[in-house]
Amino acid sequence: MNILIPDSWLREYLKTKATPTQIKEYLSLCGPSVERINRVGKETIYDVEITSNRPDAMSLVGIAREGAAILPRFKVPATLTHDPYRTDTKALVEKYQKDGPKNLKIVTDPKLNPRFAAIVIDSVKVGPSPAWLRQKLEATGIRSLNNVIDITNYLMRAFGQPAHAFDFTQIKAQDGIPTMKLRSSRQGEKITTLEGKTHSLPGDDIVIEDGSGRLIDLCGIMGAENSSIKPQTQTVVLFLQTYDPSHIRRTSMALAQRTEAANLFEKGLDSELVLPALLTGIELVTEIAGGKVASRLYDLYPQPYQPTTVTVNREKIKAYLGVELGDGEIRAILTALGFTVNATSAHIVVTVPSWRSGDVTLDVDIIEEIARLYGFHKIASRLPASEPPVVLPDPDLTWEEEIKTRLRDWGYTETYTYSLISAQLMDIFSLDKNQTYKIANPLSSEWVYLRPSLVPSLLSAAKQNLAFRPDLRLFEISMIYSYRPGNLPAEIPTLIVAWSGREFPLAKGLAQAIFALLGVNFPVDIQPPTSTYYHHSRSLALGTWGQVGEVAPELLTKLAIKKPLTLLELNLAELIAKAKPGHTYQPLPKYPPSFEDLAFILPPQTYVGPIITALKGAHPLVANVELLDTHAQTRTLHITYLSNQRNLTAEDVRPVREKLVTIAQDKFGAKLKTA
Amino acid sequence: MTDKNEIIATPYFVGMALQVQEDALVQIEGSDAPVDELRLILLGPKSELAKLTKQIMNVNPADRGQVGTVINQVKQTIAEALRQKSQTTTSAARSEIGDWYDVSAPGVLPPGGHLHIVSQAIGEITRIFERIGFTRVRYPEVDWDWYPFASLNMPPNHPARDEWETFFVTFPGTPGHNPKKQKIVLTPHTSNGQVREMEKGKLPIRMINIAKCYRRQSDVSHVPMFHQFEGLYVDQGVSIAHLKGVLDYFVKQFFGPKREARIRPFHFQFTEPSFEVDISCGVCLGRARLPNGQGCKLCKEGWLELGGAGMVHPVVLANGGIETQKYNGFAFGWGIERTYMMKAGTKLDDVRLLYSGDIRFLEQF
């Protein structure tokens with residue numbers, strides 16, 4: 001949370017000659033981060049970020065306390081003044097022990113509300129605040145409303161303790177006494193808060209009802225309209241409390257009422273601060289709004305704070321800092337922050353001040369305090385000297401990087417598309433929404449479903465780019481999210497490549513190259529893909545690993561794409577699991593190979609793949625068979641003959657050739673074309 | 001050439017023979033010399049082929065007959081090429097090609113593909129940490145909320161959860177009884193990998209977890225999907241000095257030797273102490289002033305915020321099944337996109353372009 005700290009107000013609590021620049025720099029290095037210095041007129045205002053574990057520092061006093069501890073570490077003297085914890089409360093409390101003309105009955109539940117303090121003040125004149133108060137509030141970013149409300153906001157900013165004021169006459173009586181009954185709410189109870197909004201409560205919210213049973217406060221978040229201070233109000237109840245933080249948090253989130261008070265209360269405030277803050281409040285209301293105390297001071301605080309202690313091993317301090325600090329220095333640091341220190345030779349026993357009790361509970365919390373005040377910037381920087389663990393790299397990551405690099409070098413361009421797709425895309429691609437993970441709180445209708453396929457995203461990306469590049473070659477490697485009821489999705493790393501145009505041979509060739517890279521045999525079966533995204537005949541399933549082919553024209557029509565597109569999809573997880581990239585040495589041939597080209601005329605619609613496979617395996621002397629040329633029904637095959645025993649003569653090759661021709665003829669009906 | 005008495009391996013000899021043949025064919029193709037002259041050079045007694053033939057004696061006796069056949073084939077091939085050459089007249093065009101060539105014409109480029117900058121950055125970051133013994137891992141993007149939250153000392157309804165604008169996933173079916181498996185989220189940071197890495201049960205740990213993360217945000221400097229890298233180091237006697245050492249190492253490797261890292265107090269539920277990591281500005285090098293005395297316009301303060309870090313909280317170690325009396329550690333993690341843009345000075349003014357899929361953008365990297 002960021003708060004604005006006016007320099008002149010800060011110096012009411014922090015006596016120092018430090019310049020604003022010094023305050024900004026030194027506090028940021030050792031404490032809350034002063035992000036900016038704003039100058040407004042003559043005022044210097046610090047914009048300070050205070051982390052959620054330090055509600056005690058979300059105030060002028062809190063920052064002053066940090067300053068008083070930190071600045072002297074940089075040889076700039078500084079002391080904390082007007083510390084509310086040093087207020088002599090006893091004398092003042094005694095003064096307010098007598099009953100006055102007004103009485104209140106307060107009933108509360110200490111589990112929800114550890115401390116409830118209140119007082120009634122009469123003869124109040126509600127009106128504009130004096131200039132000094134208005135200026136202070138405005139400099140810290142709070143709008144001035146009227147003197148009574150301004151005083152409550154002043155208390156919140158000065159001490160970090162929200163305060164509240166009610167119109168006493170609106171608190172209805174029970175048995176003749178105006179009553180405030182703090183309790184947990186029932187589900188569906190209604191309350192209209194002072195900005196005029198009516199809420200139906202989720203239940204188990206902390207509320208106060210009056211003697212007539214109506215709700216007059218949504219505690220810790222906002223007061224109700226019915227009891228709010230009006231211009232004509234003359235009698236006010238000033239009251240300050242602490243609440244169970246998780247209740248405030250839940251209600252504030254459920255109702256989306258993120259007030260500054262809620263922001264403070266949900267982080268856990270110090271009950272010890274309630275009384276000193278209230279006493280300051282009484283002083284201000286009587287002084288500024290002309291009020292007179294009209295009741296005794298009510299203070300319901302059944303379980304006062306019991307200081308806790310934390311024990312820290314000296315060795316551990318040394319281990320964390322990498323340097324040994326003297327006893328004196330540790331003591332000085334902790335004392336400046338309000339801790340009390342008892343040291344033995346091996347341990348330091350630290351008593352935690354009430355305002356840090358929520359945040360400091362472990363030895364490492366104390367180490368943090370010592371380390372930051374010593375100065376993180378002063379701790380030496382050195383790489384660990386210990387032995388690194390022996391860890392085998394994840395083959396998925398290694399191969400994905402390798403494949404991406406190859407694709408780049410082969411002329412493909414990588415894209416990253418969002419993992420989430422719209423309901424509309426799900427429909428166009430006939431994806432089953434009941435078998436797809438859905439975002440419960442989407443940011444936009446574009447990003448709702450965790451994609452079960454990369455095809456919708458990549459076709460969309462291709463479509464978007466067709467106008468820019470006639471020869472598009474895009475790829476992506478990302479997860480697809482496969483549905484598993486009752487479980488997390490299976491995240492499957494998947495490769496998708498898209499080409500503009502009819503590029504089946506390129507697409508299949510790329511698949512072959514990737515299979516070869518991984519040492520996985522390319523599937524020989526001629527099966528169409530199970531996916532309907534592909535052209536019915538110009539496509540091929542690649543075993544269980546993927547599919548390749550032209551995009552189905554109907555799909556292109558649905559997507560309003562006017563140009564043919566070709567796709568390759570590979571399940572990299574499965575492919576990599578089968579990878580056998582090791583290369584076995586083959587003895588170099590002792591004899592030169594001989595070559596021959598055989599042209600076959602194939603019957604219509606004959607696949608050449610099985611012919612090549614059959615011829616390759618037909619005879620041990622056939623080392624390789626490649627498709628050299630395709631023309632009409634003629635396929636010219638380039639045959640390599642090789643023997644490990646001898647030079648091949650025409651006599652050796654002839655019977656082999658005859659066998660090849662016979663196989664092609666008998667099995668496939670292919671006729672050798674003779675010159 | 002090899003020593004006279006040295007045995008020449010048969011495949012090597014065959015290779016040499018084929019090389020002689022290849023050289024001869026090239027020479028025949030490219031030469032304007034008369035065919036007779038070429039014949040003398042290529043097949044005559046001082047030819048390379050003749051020299052090779054003499055070395056048949058150095059081949060394993062059992063293979064000599066066979067390599068003899070190879071030499072014969074080579075000889076015939078060369079002779080045939082010479083015969084064909086003698087039938088074609090020397091064309092005027094050839095000599096012209098030999099004399100003049102348009103070296104000013106543009107070259108033929110190799111295929112030009114592009115890796116996305118995020119992939120480039122991931123590769124670079126992975127290599128940097130590999131050199132100091134960190135191994136890259138990857139953990140789920142879609143995870144039980146236990147891992148990115150409760151296991152990291154952020155129980156349900158904890159205010160610290162607000163800092164991450166989290167996407168929740170509608171539960172697929174009915175949750176079982178495991179209290180850690182009741183809610184599914186898109187992980188808003190890579191810290192979900194911390195307890196998952198600890199659960200492997202192997203110590204010490206030097207991990208770099210790089211994965212996609214998701215937050216409900218979209219503006220010029222935020223995208224709902226982005227990448228983070230997370231370092232986790234667990235061992236005995238780990239100090240803040242070690243964390244600083246690793247951060248400094250990374251900053252110098254990634255941003256350049258003149259850049260420095262510094263840590264300042266911060267708060268995370270899963271580290272204690274926690275730090276915010278800054279790097280010195282690349283323009284003013286941390287001085288906030290330029291040599292001409294003017295203030296640095298890029299950073300204003302001399303330092304730029306890089307991300308978060310801290311000493312692993314004992315609760316987190318315990319959730320990962322690690323003995324907190326014996327082991328401790330540090331962790332750090334921040335966005336790949338932001339880190340890369342701070343380095344490269346890409347002048348990218350809208351981070352959403354990274355995921356726009358626009359080829360005109362992708363081809364620039």
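Hydrogens, waters and symmetry mates are skipped; everything else that's a heavy atom, side chains included, is used. Below, chains carry the letters A, B, ... as their sequence lines are ordered, and counting in each starts from 1.
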Problem set entry | Modelled atom types, side-chain donor and acceptor of B/Ser119 and A/Glu414, under 3.5 Å | yes

Exercise. Taking all atoms of both residues into account, what is the closest heavy-atom pair of A/Glu368 and B/Ser274, and its distance?
Worked result: OE2-N, 3.2 Å

Problem set entry | Segment of B/Pro175 engaging chain A (4.5 angstrom heavy-atom cut-off) | neither

Exercise. Which answer fits B/Ile132, side chain, backbone, both or neither, if we ask what part of it has an atom under 4.5 Å from a heavy atom of chain A?
Worked result: side chain

Exercise. Where does A/Lys318 contact chain B at under 4.5 Å (heavy atoms): side chain, backbone, both or neither?
Worked result: neither

For this session: Indicate yes or no: at least one non-hydrogen side-chain atom of B/Pro314 is less than 4.5 angstrom from one of A/Val364.
Result: yes

Seminar exercise, completed: So, the part of A/Leu362 with a heavy atom under 4.5 Å from chain B: the answer is side chain

Exercise. Side chain, backbone, both or neither: which part of B/Phe134 has a non-hydrogen atom closer than 4.5 Å to chain A?
Worked result: neither

Exercise. Which atoms form the tightest heavy-atom contact between A/Asn487 and B/Pro172, and what is the distance?
Worked result: O-CG, 3.4 Å

Problem set entry | Nearest-0.5 Å distance, OH of residue B/Tyr214 to CH2 of residue A/Trp447 | 12.0 Å

Problem set entry | Which atoms of B/Arg262 approach chain A - backbone, side chain, both or neither, heavy atom under 4.5 Å | side chain

Problem set entry | N-O pairing of B/Arg136 and A/Glu401 below 4.0 Å | no

Exercise. With sequence neighbours left out, what residues match A/Glu402 under salt bridge (Lys or Arg N to Asp or Glu O under 4.0 Å)?
Worked result: A/Arg406

Problem set entry | Contact class of B/Thr126 relative to chain A, heavy atoms under 4.5 angstrom | neither

Problem set entry | Which atoms of B/His313 approach chain A - backbone, side chain, both or neither, heavy atom under 4.5 Å | side chain

Problem set entry | Interface moiety of B/Met311 toward chain A, non-hydrogen atoms closer than 4.5 Å | side chain

For this session: Below 4.5 Å from any heavy atom of chain A, which atoms of B/Val246 appear? Answer side chain, backbone, both or neither.
Result: both

Seminar exercise, completed: Across all chains, not counting sequence neighbours, the salt bridge (Lys or Arg N to Asp or Glu O under 4.0 Å) partners of B/Glu272 are none

Exercise. Using non-hydrogen atoms only, which part of A/Arg36 is less than 4.5 Å away from chain B: side chain, backbone, both, or neither?
Worked result: neither

For this session: Compare every heavy atom of A/Ser419 with every heavy atom of B/Lys212, then report the nearest pair and how far apart it is.
Result: CD-OG, 3.9 Å

Exercise. Heavy atoms, side chains only, cut-off 4.5 Å: are A/Met479 and B/Arg138 in contact?
Worked result: yes

Seminar exercise, completed: Applying a strict 4.5 Å limit to non-hydrogen atoms, the region of B/Ile184 in contact with chain A is side chain

Exercise. Parallel, tilted or perpendicular: which describes the rings of B/His227 and A/Tyr416, with under 30° parallel and over 60° perpendicular?
Worked result: perpendicular

Problem set entry | B/Thr69 vs A/Tyr591, side-chain contact (heavy atoms from CB on, under 4.5 Å): CA-CA, chis, key distance, verdict | CA-CA 10 Å; B/Thr69 319; A/Tyr591 307 94; over 6 Å; no

Exercise. For A/Arg382, is it the side chain, the backbone, both, or neither that has a heavy atom closer than 4.5 Å to a heavy atom of chain B?
Worked result: both

For this session: Pick out which of B/Arg264, B/Glu305, B/Glu276 makes a side chain to side chain donor-acceptor pair (under 3.5 Å) with A/Ser33.
Result: B/Arg264

Exercise. How far apart are the closest heavy atoms of B/Pro273 and A/Phe376, and which atoms are they?
Worked result: CB-CZ, 4.2 Å

Problem set entry | pair B/Tyr12-A/Leu588: side-chain heavy atoms closer than 4.5 Å | no

For this session: Side chain from CB out, backbone as N, CA, C, O: work out which of these in A/Pro587 comes under 4.5 Å of a heavy atom of chain B, or both, or neither.
Result: neither

Problem set entry | Residue pair A/Leu383 / B/Tyr249: nearest heavy atoms and the distance that separates them | CD2-CB, 4.0 Å

Using distance only, find each side-chain donor-acceptor pair of residues 356-363 of chain B under 3.5 Å and give its atom names and separation, not counting sequence neighbours.
unit_1, atom_1, unit_2, atom_2, d
B/Ser356, OG, B/Leu353, O, 2.7
B/Ser356, OG, B/Asp358, N, 3.3
B/Asp358, OD1, B/Arg360, N, 2.9
B/Asp358, OD1, B/Arg360, NE, 3.1
B/Asp358, OD2, B/Arg360, NH2, 2.7
B/Glu363, OE1, A/Arg469, NE, 2.9
B/Glu363, OE1, A/Arg469, NH2, 2.6
B/Glu363, OE2, A/Arg469, NE, 3.1

For this session: Let me know if A/Glu315 has heavy atoms under 4.5 Å from chain B in its side chain, its backbone, both or neither.
Result: neither

Exercise. Who in residues 245-252 of chain A is close to chain B, using a strict under-4.5 Å heavy-atom cut-off?
Worked result: A/Ser246, A/Arg249, A/Arg250

Problem set entry | Interchain contact, B/Pro110 with chain A, by part (heavy-atom threshold 4.5 Å) | neither

Seminar exercise, completed: Turns out that what part of B/Leu186 lies under 4.5 Å from chain A's heavy atoms comes down to side chain

Exercise. For A/Pro589 and B/Pro11, which heavy atoms make the closest approach, and how far apart are they?
Worked result: O-CB, 3.6 Å

Problem set entry | Side chain / backbone / both / neither for A/Glu400 at chain B, heavy atoms under 4.5 Å | side chain

Problem set entry | Contacting region of A/Asp409 [heavy-atom separation from chain B under 4.5 Å] | backbone

